[in-house]
Structures are given as C-alpha cells and as structure tokens.
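Ligands are counted one by one from 1 in listed order, and the atoms in each one are counted from 1 as well. Along the sequence shown, residues carry numbers from 1.
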Amino acid sequence: MTPDDLIRPEIRALSAYHVPDATGLVKLDAMENPYELPEPLAAEWAERVRSVAMNRYPDPGASALKAVLREAMEIPERQAILLGNGSDEIIQMILMAVAGPDRVVLAPEPAFVMYRMIAVFCGMRYVGVPLSPDDFALDPGAMLASIAEHRPAAVFLAYPNNPTGNLFDREVVEAIIEATPGLVVLDEAYAPFADDSFMRDLGRHDNLLVMRTVSKMGLAGLRLGYLCGAPAWLDEFEKIRLPYNIGVLTQAAARFALEHKPVFDEQAARIRAERERLLEGLRALPGIHAWDSAANFILFRTSQGRAAAVFEGLKGRGVLIKNLTGAGGMLTDCLRVTVGTPQENGCFLDALRATMARDAR
Ligand SMILES: *Cc1c(COP(=O)(O)O)cnc(C)c1O
C-alpha cells in the first residue's frame with residue numbers, strides 16, 4: 001500500500017499551502033498589521049493571560065468572547081455567531097456541512113485560494129468565474145449565468161477581494177445573493193480597511209452569511225475567525241465544529257483586545273493613510289501599474305515578464321512580498337505588497353527603485 005494507492009487523486013494533485021521563510025526580511029507578504037500592542041496595554045494583557053486556567057478546557061461556547069465580539073463589531077442582535085480557528089476553519093465547517101459529489105462551490109477568479117482548496121478537501125466541484133480583467137469588477141452576466149448553470153451550494157465573495165484589493169459593486173453582490181440557490185458567504189477579512197460591509201444586511205436575505213477574522217486587524221497569531229448569520233444555519237454548522245476549537249489563551253487574549261478596540265481602529269487608520277502614500281510611491285515608478293485598494297495590501301503589475309526578477313530583486317534587498325505571477329491569467333506579471341509601517345514601506349519603495357534601476361541597465 002502506497003500513498004498513490006490510498007490517497008484520493010485530487011489530494012495527491014495538491015501542493016501544501018506554502019509559507020516562505022521570512023527570517024531577517026522586512027515581511028510584507030501576508031497582510032499582517034505591523035503594529036504590536038503599545039505599553040502599558042501589553043503589560044495589562046500579560047496580566048490577564050496569566051490568570052487563565054490552562055489546566056481546564058475552554059468554555060466550549062465562548063460566551064464571554066462572543067458578547068464582546070457582538071458589541072465591538074456591531075453584530076445585529078438576532079444574528080448568531082460561530083467561532084473558528086481562523087476563518088479558514090469556518091470555510092471548512094460550511095463546506096463540510098453542504099458537501100456532496102455533485103455540489104458546487106463558486107467564486108470569482110482570482111479569489112482567496114482557500115475556497116478552492118477546501119472545496120477539493122471536501123470532494124466538491126469548484127467553479128471560478130473570471131472577474132473583468134482591467135479593474136477586477138464582478139462580471140454580472142457571467143456570474144449570473146454561471147450560478148444558473150451550476151446551482152452552487154455555496155458562493156464565496158471576498159469583500160474587499162484578495163488578491164485584488166477592490167470592493168465589488170454592491171448592487172451586483174445583491175443580485176448574486178438573490179440569484180443563488182445556496183449560501184452566499186461575504187468574506188470580510190479586510191473589513192477594518194474598507195468603507196462598506198454587509199453586516200447590516202444580514203436578516204434581509206435568508207441565504208446571506210458574513211464571515212470575518214481578527215487576523216488582518218492585528219491578531220493574526222491568535223487564529224480567530226467568526227461567522228454571523230441566521231441561527232437556523234449556524235446551529236447546523238455548530239454540529240460540525242470540533243469541541244474546544246478556540247483555546248483558553250485565544251479566548252482570553254481576544255476578549256482583552258476587543259475591549260480595547262479603539263487601539264486597533266487607530267492602527268487601521270494609520271495603515272489606511274499609509275496605503276495611499278504607498279500607492280502614490282508605486283504609481284510614480286515607470287512600468288508599474290498599481291490598483292486602488294480597500295484592504296491593507298496593494299496589487300501591482302510589472303512590465304511584461306519582469307515579476308519574478310522584481311520579486312527576487314526585492315528579496316535580495318531584504319524585502320519579502322508575494323509573487324502572484326505563477327497563478328497566471330489576470331495575475332500574470334503581478335505582485336502583492338502588504339502595507340507596513342512608514343519605515344517598512346520606505347524600505348520597500350527604495351528596494352523597488354534600486355531593483356528597477358538595475359533592471360533598466
Ligand atoms: C487572510 C484571509 C482569510 C483568512 O483569515 P484567517 O482568519 O487568518 O484564517 C480569509 N479570507 C480572506 C479573503 C483572506 O485574505
């Protein structure tokens with residue numbers, strides 16, 4: 001018996017999610033918030049965590065954490081909350097609940113890669129519908145035709161989208177929610193950096209769910225995602241959630257952080273301001289096309305065939321970003337940079353200028 005005999009062919013064909021080593025590099029590849037908790041909050045946080053009973057299992061329903069979350073994130077009263085070990089685990093719970101050999105997961109393309117990967121893990125069929133190539137807008141005709149053809153059990157829309165950074169047209173999203181026979185999950189991982197949300201639209205549509213995470217707001221290390229929606233749906237997903245999936249340390253640390261949400265709001269405001277400065281810096285460079293962003297990263301395109309060399313040139317100068325050109329299609333020649341501190345962004349722009357000056361010779 002070998003893996004070839006036993007492991008499902010679609011799993012054999014996958015590569016594991018690759019996380020590059022960032023030791024010693026300015027790390028602008030993973031949409032992390034570059035700011036840590038300021039003193040004296042960090043000391044208070046350590047005090048709080050010190051009092052956690054690590055010999056006991058966590059509160060399985062995480063009721064105290066959910067109460068703080070509901071207040072801090074303005075989750076409507078009638079909507080239920082489901083917690084996941086990162087929103088990745090929530091995607092997995094939703095798809096495990098609806099999976100079947102003929103069931104389809106549909107998302108625009110390019111999209112967050114975990115939608116496709118988890119669809120494959122669950123033995124589902126995945127359909128990607130291309131966005132408009134120049135501005136990454138949803139193509140309403142193509143989306144609605146594909147929904148009518150495939151009758152998806154779940155549609156994922158990242159709002160703003162990763163890796164493109166844009167918010168989709170709200171009316172098109174609403175038309176998709178209306179037309180979809182299954183669930184529509186609005187993935188608002190980048191909500192802290194965007195001006196719109198579907199949180200307040202819950203309750204207006206029976207098949208709408210809003211998923212968020214604390215990762216991009218500055219707590220990526222905790223691994224905490226949350227799903228909001230009608231109790232009738234979330235009660236079903238609760239059956240699939242493994243008991244104690246949110247540990248005592250995550251519950252305590254997230255509660256503390258959310259009680260101090262203004263600190264994170266202020267960091268998000270700084271990141272948003274820096275995003276505009278970074279965008280200007282990128283657009284000042286000949287041969288670079290950078291798109292507007294409603295998230296904490298910027299997608300940009302190099303001149304033809306140069307993305308890999310630019311990526312390596314930056315890395316050689318101590319800056320790690322994300323090379324997307326391998327994904328092909330609309331992302332050919334594209335790179336994605338996370339908005340860091342002013343100093344980190346300065347390093348990135350200096351390294352990019354140096355790389356391109358060398359390239360031009
Ligand atoms: C980062 C990201 C997530 C995953 O968040 P975790 O909570 O860290 O698992 C989900 N969706 C999108 C679109 C993301 O970019």
Side-chain angles (χ1 to χ4, degrees), residues 16-20 27-34 62 65 69 73 81-96 105-119 121 126 128 131 136 138 154-168 173 183-194 196-199 209-228 237 241-242 245-247 250-251 253-254 257-258 264 268 271 275 291 293-299 321-322 324 327 331 334 336-339:
Y17 189 83
H18 172 66
V19 179
K27 191 172 186 311
L28 299 176
D29 67 327
M31 283 78 92
E32 290 146 327
N33 171 344
L65 171 56
L69 204 51
M73 301 303 176
I81 304 172
L82 172 85
L83 301 182
N85 190 334
S87 41
D88 291 345
E89 193 189 43
I90 294 175
I91 302 169
Q92 188 181 47
M93 287 188 257
I94 296 171
L95 293 189
M96 283 173 81
V105 177
L106 187 144
E109 206 64 41
F112 184 49
V113 293
M114 293 313 293
Y115 308 149
R116 178 192 291 272
M117 287 194 66
I118 295 172
F121 301 164
Y126 182 87
L131 294 169
F136 303 116
L138 287 169
V155 172
F156 285 91
L157 298 173
Y159 190 82
N161 191 38
N162 174 13
T164 59
N166 56 311
L167 284 171
F168 297 129
V173 173
L183 295 166
V184 177
V185 182
L186 264 283
D187 178 351
E188 298 189 341
Y190 299 97
F193 314 103
D196 194 32
S197 163
F198 277 80
M199 189 65 89
L209 300 169
V210 173
M211 183 173 73
R212 291 205 188 156
T213 173
V214 301
S215 294
K216 313 296 159 57
M217 71 175 261
L219 301 167
L222 290 187
R223 308 305 299 133
L224 180 69
Y226 55 104
L227 181 72
C228 309
F237 305 141
R241 187 177 65 82
L242 295 178
N245 65 329
I246 313 297
T250 294
Q251 291 194 29
L258 293 166
F264 294 90
I271 292 166
R275 173 179 75 200
W291 282 272
S293 169
N296 65 340
F297 60 84
I298 293 173
L299 181 75
I321 65 168
K322 177 85 174 175
L324 296 166
L331 294 177
C334 285
R336 184 189 67 198
V337 61
T338 303
V339 182

Phe297 backbone acceptor or donor facing Ser293 side chain under 3.5 Å =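 Pair found, side chain donor or acceptor close to backbone of Phe297.
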
Those atoms of ligand 1 less than 4.0 Å from some heavy atom in Ser215 |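 Counting from 1, the qualifying ligand atoms are 6 (P), 7 (O), 8 (O).
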
Heavy-atom distances under 4.0 Å are what count here, so tell me which part of [X] touches ligand 1: side chain, backbone, both or neither.
X	value
Asn162	side chain
Ser87	both
Lys216	side chain

Hey, does Leu258 have a side-chain heavy atom less than 4.5 Å from the side chain of Met217?
->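 They are in contact (side-chain heavy atoms under 4.5 Å apart), so the answer is yes.
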
Does a side-chain heavy-atom distance below 4.5 Å link Tyr126 with Glu109?
->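 Yes, close enough: below the 4.5 Å cut-off.
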
Examine Phe198 together with Tyr159 and report whether their ring centres are nearer than 6.0 Å.
->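 When the ring centroids of Phe198 and Tyr159 are compared, they turn out to be within the sub-6.0 Å range.
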
Met96 CE: over 12 foreign heavy atoms closer than 6.0 Å |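 No - once you tally the heavy atoms of other residues, nucleotides and ligands closer than 6.0 Å, there are 12 at most.
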
What about Arg223: any of its N or O atoms under 3.5 Å from an N or O on ligand 1?
->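 Such a contact does occur with ligand 1.
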
With atom 15 (O) of ligand 1 as the reference point, say which of Tyr115, Phe112, Tyr190, Phe297 has the nearest heavy atom.
->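 Among Tyr115, Phe112, Tyr190, Phe297, the closest heavy atom to atom 15 (O) of ligand 1 comes from Tyr190.
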
Atom 11 (N) of ligand 1: nearest protein contact (heavy atom, Å) =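 Going by distance alone, atom 11 (N) of ligand 1 is nearest to Asp187 OD2, 2.6 Å.
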
